[in-house]
Amino acid sequence: DVKVTQSSRYLVKRTGEKVFLECVQDMDHENMFWYRQDPGLGLRLIYFSYDVKMKEKGDIPEGYSVSREKKERFSLILESASTNQTSMYLCASSATGRYGYTFGSGTRLTVV
Amino acid sequence: GENVEQHPSTLSVQEGDSAVIKCTYSDSASNYFPWYKQELGKRPQLIIDIRSNVGEKKDQRIAVTLNKTAKHFSLHITETQPEDSAVYFCAASNFLSGGSNYKLTFGKGTLLTVNP
């Protein structure tokens with residue numbers, strides 16, 4: 001019963017490509033988040049959204065943008081992929097008034 | 001913004017021993033402190049959490065303690081088992097009533113290895 005689905009488990013892209021990472025949740029959660037996970041650095045927040053069409057920058061938004069046109073879908077966009085964006089990307093969602101996150105399985109992106 | 005420090009980065013224990021992971025936070029307004037467990041190749045999963053109006057919370061073999069004055073909180077695992085081997089993350093947040101405050105700041109993680 002997967003509740004947060006990330007469209008790709010593994011992705012290989014070339015430097016300079018525009019990359020879309022998709023995340024869909026079926027729990028009617030208001031809040032959605034994109035984190036990147038790197039060894040020794042933990043989980044760092046890129047962007048989050050607390051409502052449709054609303055977005056806020058996290059701690060490391062440079063080089064990324066997001067889109068949330070529908071409540072269930074939150075997309076992370078790498079405008080021009082670079083090798084330093086090679087990482088594991090984790091999507092998460094949470095309901096307003098409830099604190100726990102539900103994470104997706106992650107997308108391991110390699111930029112070559 | 002919030003900053004969460006987590007120690008140690010790696011921890012190796014013998015099966016049956018206890019394990020303790022410690023975190024400190026910087027924002028005195030933080031009021032929610034969850035712990036996540038991530039097994040190899042899997043997604044992080046919430047294992048226990050505590051709010052700032054509580055000093056300790058237990059769930060079977062795991063417990064979390066919070067010292068608001070010192071701004072630190074700890075995860076305690078007793079009678080460790082090999083299946084406890086994973087990366088553990090602490091996190092903190094100031095959950096107010098507004099949606100934009102529902103973000104978590106995570107520590108860098110602790111790799112716990114339980115040796116049989």
Side-chain angles (χ1 to χ4, degrees), chain A residues 1-6 9-10 23 25 27-61 66 68 71 74 88-108, chain B residues 1-10 21 23-27 30-54 57 59 64 86-111:
Chain A
D1 61 337
V2 176
K3 295 181 171 61
V4 179
T5 303
Q6 294 184 230
R9 189 80 172 101
Y10 299 95
C23 177
Q25 51 95 4
M27 296 170 287
D28 200 36
H29 284 175
E30 294 82 4
N31 311 300
M32 297 188 75
F33 310 84
W34 276 106
Y35 286 84
R36 64 177 280 177
Q37 182 176 15
D38 301 288
L41 297 179
L43 283 72
R44 294 179 293 165
L45 181 63
I46 305 171
Y47 267 98
F48 65 104
S49 169
Y50 56 93
D51 200 354
V52 176
K53 297 190 185 294
M54 303 300 289
K55 59 185 179 183
E56 288 200 23
K57 294 180 180 179
D59 300 317
I60 52 166
V66 291
R68 191 162 181 207
K71 189 176 186 179
F74 192 35
M88 169 67 81
Y89 290 87
L90 286 166
C91 174
S93 71
S94 72
T96 297
R98 299 177 64 88
Y99 301 153
Y101 277 16
T102 300
F103 280 93
S105 296
T107 296
R108 183 164 294 283
Chain B
E2 175 66 276
N3 182 52
V4 177
E5 300 283 341
Q6 182 172 347
H7 298 280
S9 57
T10 61
I21 303 170
C23 289
T24 61
Y25 60 98
S26 62
D27 187 354
S30 287
N31 56 18
Y32 174 67
F33 308 93
W35 287 88
Y36 285 80
K37 174 184 180 182
Q38 186 178 30
E39 297 176 8
L40 188 63
K42 296 190 176 180
R43 69 189 76 191
Q45 302 242 357
L46 177 68
I47 56 171
I48 195 167
D49 57 11
I50 192 168
R51 300 185 196 182
S52 59
N53 59 347
V54 176
K57 184 177 179 180
D59 183 4
V64 58
V87 177
Y88 291 80
F89 293 98
C90 63
S93 181
N94 175 11
F95 277 137
L96 300 177
S97 56
S100 64
N101 292 300
Y102 279 81
K103 59 176 181 175
L104 290 171
T105 299
F106 286 86
K108 293 183 178 180
T110 296
L111 174 61

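Chain A is the first sequence line, chain B the second, and so forth, proteins listed ahead of strands; every chain is numbered from 1.
Of the listed residues A/R108, A/Q37, A/E30, the one with more heavy-atom pairs under 4.5 angstrom with chain B than any other is A/Q37.
Taken from CG in A/L45 to CD in B/E2, the straight-line distance is 13.0 Å, to the nearest 0.5 Å.
Of all heavy-atom pairs spanning B/F106 and A/L43, the tightest one is CB-O, 3.8 Å. Here the closest heavy-atom approach between residue B/R43 and residue A/S105 is recorded as NH2-OG, 2.6 Å.
Every residue two or more places apart in sequence or in another chain was checked for a side-chain contact (heavy atoms from CB on, under 4.5 Å) with A/P39, and none qualifies. Not counting sequence neighbours, B/S9 has no partner by the side-chain hydrogen bond (donor to acceptor under 3.5 Å, both in side chains) test.
For B/Q6, no part sits under 4.5 Å from any heavy atom of chain A, backbone or side chain.
Screening A/Y35, A/F103, A/Y101 against B/P44 for a side-chain contact (heavy atoms from CB on, under 4.5 Å) leaves a single residue, A/F103.
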